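Read the structure below first, then the notes.
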Amino acid sequence: MTTLPSRGTAPETPDETPDAGPAEGEPDDSAAELRPQPVQGSRVRELLHAAVGAVGGVERPGQVAMAEAVAAAVDSGEQLLVQAGTGTGKSLAYLVPALAHGDRVVVATATLALQRQLVERDLPRTVEALQPLLRRRPQFAMLKGRSNYLCLHRVHEGAPSDEGEGLFDPAEALGGPSSKLGKDIVRLREWADETESGDRDDMSPGVSDRAWAQMSVSSRECLGASKCPYGGECFAEAARERAKLADVVVTNHALLAIDALEGAPVLPEHELLIVDEAHELVSRVTGIATAELTTGAVNRAVKRAAKLANEKAVDALQAAAENYHGLMEIAQPGRLEELPENIGYAVAAIREAARSVITSIGEIRDKSVSDEDAVRKQALASVETIHDTADRMLEGSEYDVLWIEDRDRFGPGAASLRVAPLSVSGLLKESLYKERSVVLTSATLKLGGDFTGVALSLGLGSDGHRSGEPQPDDAAPADIPQWRALDVGSPFDYPRQGILYVAKHLPPPGREPDRPAMLDELAELIQAAGGRTLGLFSSMRAAQTAAEALRERVPGEILLQGEDTLGELIRTFSANAESCLFGTLSLWQGVDVPGSACQLVVMDRIPFPRPDDPLMSARQRDVEQHGGNGFMAVAATHAALLMAQGAGRLIRAADDRGVVAVLDSRLATARYGGFFRSSMPDFWYTPTATRYAARLPPSTPRRRRSGPADRRPAPADHRGLRLPTPVVGPRPG
């Protein structure tokens with residue numbers, strides 16, 4: 001018998017949960033811009049019905065509409081954007097038509113939670129249900145980057161030493177077997193004999209990043225299956241072989257980005273790509289395409305190459321690193337239009353010295369170095385990375401943004417240089433949509449009520465948007481991806497389940513995190529809610545300031561991100577209804593706590609990027625130079641996406657109730673406020689009644705029905721939320 005999670009143990013991504021409650025109405029036809037073919041639709045509905053029944057769920061209109069749209073996009077070869085709100089069950093909505101199509105499909109997600117849900121629950125159940133109807137049993141597999149898998153060569157032979165002394169035992173050399181690191185190394189070696197996957201995420205409890213780095217390799221460091229004595233047992237190679245044979249390959253955005261950037265295929269050939277959590281794709285691709293030149297990285301490259309390269313070449317690289325370090329110690333952080341002359345000379349010296357070391361490594365053999373091939377491979381990987389990064393910075397492409405970061409992440413004292421693409425939309429346009437259909441889906445793709453902003457960032461220009469049925473002469477240039485968009489809504493009744501409260505009376509926030517009036521407001525809200533508060537802050541400093549100030553003012557425990565692992569903090573918050581959880585970015589998008597433990601979500605301010613953020617400010621200026629509104633296209637879009645995700649933390653199930661409180665008056669008073677509010681779930685909106693907005697008694701009063709002419713909920717319809725009756729008139733926002 002299949003056992004579904006109870007409400008108290010809900011899965012980590014309930015927007016994908018098959019057993020969420022049924023929708024209370026049809027999706028908005030004005031937003032549904034796709035009209036699937038009836039015959040095709042009937043087949044998809046039959047398969048979806050079987051899949052939903054197999055998991056004990058209930059079909060929703062939005063789920064059916066999305067499944068039909070995905071099937072139509074696959075048949076037409078067009079690209080599809082689908083906004084599917086929390087609770088829609090979108091994983092089944094794309095898996096069913098993908099499996100029915102018969103060709104290989106790659107599903108790329110941003111989070112581990114959704115990857116696990118797909119492989120461990122949704123796909124097994126869906127395949128079982130569809131097998132009799134499809135008359136075949138589709139196979140599925142998970143594939144990640146090589147460094148996510150345990151390297152058996154490292155496990156059995158040890159890791160090459162940064163001091164160039166050949167191999168060493170990390171458990172002995174890095175603190176001994178009794179140290180935390182040593183214990184992690186011992187556990188990894190024991191786990192290597194037990195695991196079938198070698199996947200880091202399958203190890204519980206896990207180990208530190210430092211320990212894992214000793215037992216894994218990057219693709220550049222890997223010896224290759226044919227040269228490695230453990231190639232036949234390699235976990236990463238086994239995962240790749242399974243992916244080649246699978247009908248559905250589940251991967252992550254990072255590997256998808258590497259596949260697009262490297263030029264050489266990493267993923268197996270496929271005809272359909274589904275990008276779930278697509279709102280994250282641009283930032284993940286940007287992260288993969290960003291490079292950094294640090295003194296620490298150059299010094300590690302020097303140590304790794306010391307016994308395998310010409311001494312003169314290694315000394316030159318060391319001298320170049322020291323010169324660069326001296327300049328970075330006095331460098332001022334900020335964006336660079338071009339490299340200053342002195343820094344440019346230092347970077348050029350690093351590049352030329354790295355090139356000489358690379359050549360020298362290929363010429364010199366040293367039999368005294370144990371396991372020379374592995375040591376050589378790691379040394380080459382380090383030096384080649386340094387060379388390529390320096391070369392890119394010296395090239396000074398107009399499509400790159402270069403800046404000085406205020407510190408070296410790998411060591412104190414000196415700043416570092418960073419380079420990132422001005423935009424990844426061109427890269428995505430050229431690499432993502434060639435010779436395959438792509439479905440991009442998320443709960444937040446429409447910002448300000450429009451798909452265009454997100455579509456442009458994903459490489460889908462407005463020229464390729466087709467809003468109606470295709471016509472014989474309806475054609476765009478061949479190099480422009482043809483795309484359609486669909487909003488299937490959400491089964492949740494947001495106006496009846498939640499309130500959006502904006503503290504209009506508060507002064508606009510300044511740059512300081514210490515805002516006495518805001519802290520007073522926050523304390524009053526938490527006391528009214530009896531805890532049960534998720535505090536989303538625009539910076540870690542602001543979260544820390546609020547936690548320190550309120551721990552003495554409100555009852556119940558205040559949990560702070562960084563004081564424990566995120567998973568443990570969320571578990572404690574879920575289990576204790578009187579507690580609060582404060583934090584920053586990962587909480588805006590990564591927390592799923594359905595039920596009474598989270599009934600108040602507070603945002604301290606609109607999360608605009610910092611004015612001095614080099615990449616964001618460069619992108620904003622680029623838009624303005626091309627005649628656009630840089631603020632709205634970059635800063636406002638970035639913030640609206642975060643606010644939509646943050647507000648989505650509140651209603652995670654059909655019987656959830658609560659308040660989203662924004663303690664930034666600009667959301668009510670500024671001209672752009674409407675853009676932000678229309679990007680968020682359609683909660684009942686009020687800019688008043690601070691003392692009543694979070695009055696959430698544990699009992700649930702009987703719902704009162706509104707008349708047919710007024711679909712707005714009565715103020716007392718929100719589990720006892722005591723809001724004053726609003727002034728008669730149109731609903732704001």
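Quick note: residue numbers are just sequence positions, from 1. Bear in mind the structure is a predicted one, so any value in this text is a computation, not a measurement.
- You'll find the side chain of Val275 stays beyond 4.5 Å of the side chain of Thr441, heavy atoms only.
- For the side chain to side chain donor-acceptor pair (under 3.5 Å) test, residues two or more places apart in sequence or in another chain that qualify with Asp664 are Arg666.
- Side-chain N or O atoms of Asp656 include one that pairs as donor or acceptor with a backbone N or O of Gly595 at under 3.5 Å.
- The side chain to side chain donor-acceptor pair (under 3.5 Å) test applied to Asn629 returns no partner, not counting sequence neighbours.
- Every residue two or more places apart in sequence or in another chain was checked for a salt bridge (charged side-chain N to carboxylate O under 4.0 Å, His left out) with Lys504, and none qualifies.
- In this structure, Arg610 CZ and Leu615 CG are separated by 11.0 Å, a value rounded to the nearest 0.5 Å.
- Under a 3.5 Å cut-off, the side chain of Glu59 and the backbone N or O of His49 do form a donor-acceptor pair.
- For the pair Val623/Val634, a side-chain contact is recorded, criterion being any heavy-atom separation below 4.5 Å from C-beta on.
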Stepwise side-chain contact (heavy atoms from CB on, under 4.5 Å) check, Leu522 with Leu663
CA-CA 8 Å; Leu522 178 56; Leu663 307 185; 4.0 Å; yes
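- For His270, the side chain to side chain donor-acceptor pair (under 3.5 Å) criterion is met by Arg436, not counting sequence neighbours.
- Among residues at least two apart or in separate chains, there is no ring pair (Phe, Tyr, Trp, His ring centres under 6.0 Å) pair with a member in residues 55-81.
- When atom types are taken as modelled, the side chain of Gln620 and the backbone of Met616 share no donor-acceptor pair closer than 3.5 angstrom.
- Side-chain polar atoms of Thr286 and Arg619 form a donor-acceptor pair below 3.5 angstrom.
- Partners of Asp450 under the salt bridge (charged side-chain N to carboxylate O under 4.0 Å, His left out) rule, at least two apart in sequence or in another chain, do not exist in this structure.
- Residues passing the ring-ring contact (aromatic ring centres under 6.0 Å, His included) test with Phe608 are Phe631, Tyr672, Phe676, sequence neighbours excluded.
- Every side chain to side chain contact (heavy atoms under 4.5 Å, CB included) that Val248 has, sequence neighbours left out, goes to Leu99, Val105, Val107, Leu123, Phe140, Val250.
- The CG atom of Leu428 sits 8.5 Å away from atom CG of Leu256, with the distance rounded to the nearest 0.5 Å.
- Counting heavy atoms from C-beta on, the side chains of Val64 and Arg45 come closer than 4.5 Å.
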Can Arg125 and Glu128 be said to form a salt bridge (Lys or Arg N to Asp or Glu O under 4.0 Å), step by step?
CA-CA 5 Å; Arg125 296 179 182 183; Glu128 192 71 29; over 6 Å; no
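- Proximity of a side-chain donor or acceptor of Arg104 to a complementary backbone N or O of Asp247 within less than 3.5 Å is not detected.
- Proximity of Met643 to Val662: side-chain heavy atoms (C-beta onward) are separated by under 4.5 Å at one or more points.
- Shown here are the side chain to side chain contact (heavy atoms under 4.5 Å, CB included) partners of Leu560, two or more places apart in sequence or in another chain: Met540, Ala543, Gln544, Ala547, Arg551, Glu563, Phe582.
- Side-chain atoms of Ser442 and Glu277 form no donor-acceptor pair, as typed in the model, at a separation below 3.5 Å.
- Salt-bridge annotation for Arg571 and Glu568: present, with a side-chain N of the basic residue lying under 4.0 Å from a carboxylate O of the acidic one.
- In this view, Leu427 and Leu261, Val285, Ser431 satisfy the side chain to side chain contact (heavy atoms under 4.5 Å, CB included) rule, not counting sequence neighbours.
- Judged as a side chain to side chain donor-acceptor pair (under 3.5 Å), and not counting sequence neighbours, Gln115 has no contacts.
- Remark: the backbone N or O of Gly89 is paired with a side-chain donor or acceptor of Gln63 at under 3.5 angstrom.
- Inspection of the Gln561 and Thr584 side chains reveals no N or O donor paired with an N or O acceptor under 3.5 Å.
- Without hydrogens or angle criteria, Ser490 side chain to Phe492 main chain gives a donor-acceptor distance under 3.5 Å.
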Apply the test side-chain contact (heavy atoms from CB on, under 4.5 Å) to residues Phe675 and Met632: give CA-CA distance (whole Å), side-chain angles for both, the deciding distance (0.1 Å), then the verdict.
CA-CA 9 Å; Phe675 172 78; Met632 291 303 296; 3.7 Å; yes
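- Arg116 is linked by a side chain to side chain contact (heavy atoms under 4.5 Å, CB included) to Leu112, Glu120, Asp201, Asp202, counting only residues two or more places apart in sequence or in another chain.
- Under the 3.5 Å distance criterion, the side-chain polar atoms of Gln79 are matched with a main-chain donor or acceptor of Val438.
- Pairing each heavy atom of Thr86 with each of Ala443, the nearest pair is N-CB, 4.3 Å.
- Looking at heavy atoms from C-beta onward, Phe537 lies out of side-chain contact with Met603 at the 4.5 angstrom threshold.
- With hydrogens and angles ignored, the 3.5 Å screen pairs a side-chain donor or acceptor of Arg677 with a backbone N or O of Leu667.
- Under 3.5 Å, the side chains of Thr109 and Asp276 contain no donor-acceptor pair of N or O atoms.
- Put simply, the side chain of Thr572 does not reach to within 4.5 Å of the side chain of Leu569, judged on heavy atoms.
- Atom-to-atom distance recorded for Ile570:CD1 and Leu581:CG is 6.5 Å, nearest 0.5 angstrom.
- Annotation for Ala129 and Ala50: closest pair CB-O, 3.7 Å, computed over non-hydrogen atoms.
- The backbone N or O of Leu445 sits less than 3.5 Å from a side-chain atom of Gln83, completing a donor-acceptor pair.
- Put simply, the side chain of Leu500 does not reach to within 4.5 Å of the side chain of Asp682, judged on heavy atoms.
- Here the side chains of Ile274 and Val106 are not in contact, with every heavy-atom distance at 4.5 Å or above.
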Please walk me through it: do Thr533 and Leu525 pass side-chain contact (heavy atoms from CB on, under 4.5 Å)?
CA-CA 9 Å; Thr533 301; Leu525 287 166; over 6 Å; no
What do the steps show when you test Gln645 against Thr444 for side chain to side chain donor-acceptor pair (under 3.5 Å), and what is the final call?
CA-CA 7 Å; Gln645 287 286 310; Thr444 47; 2.6 Å; yes
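- When all heavy atoms of Leu600 and Leu650 are compared, the closest pair comes out as N-CD1, 4.2 Å.
- Looking at Gln589 and Glu280, their side chains do bring a donor and an acceptor atom within 3.5 Å of each other.
- Taking CG of Leu460 as the reference point, atom CG of Leu432 lies at 8.0 Å (rounded to 0.5 Å).
- Panel note: side chain Arg496, backbone Trp684; no donor-acceptor pair is recorded below 3.5 Å.
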Under the side-chain contact (heavy atoms from CB on, under 4.5 Å) rule, what do Arg652 and Val593 come out as? Steps first, then yes or no, please.
CA-CA 7 Å; Arg652 309 301 294 173; Val593 183; over 6 Å; no
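- Summarising the geometry, atom CG belonging to Asp259 is positioned 9.5 Å from atom CG belonging to Leu143; distances are rounded to the nearest 0.5 Å.
- A distance of 4.0 Å separates CD1 in Ile526 from SG in Cys580, rounded to the nearest 0.5 Å.
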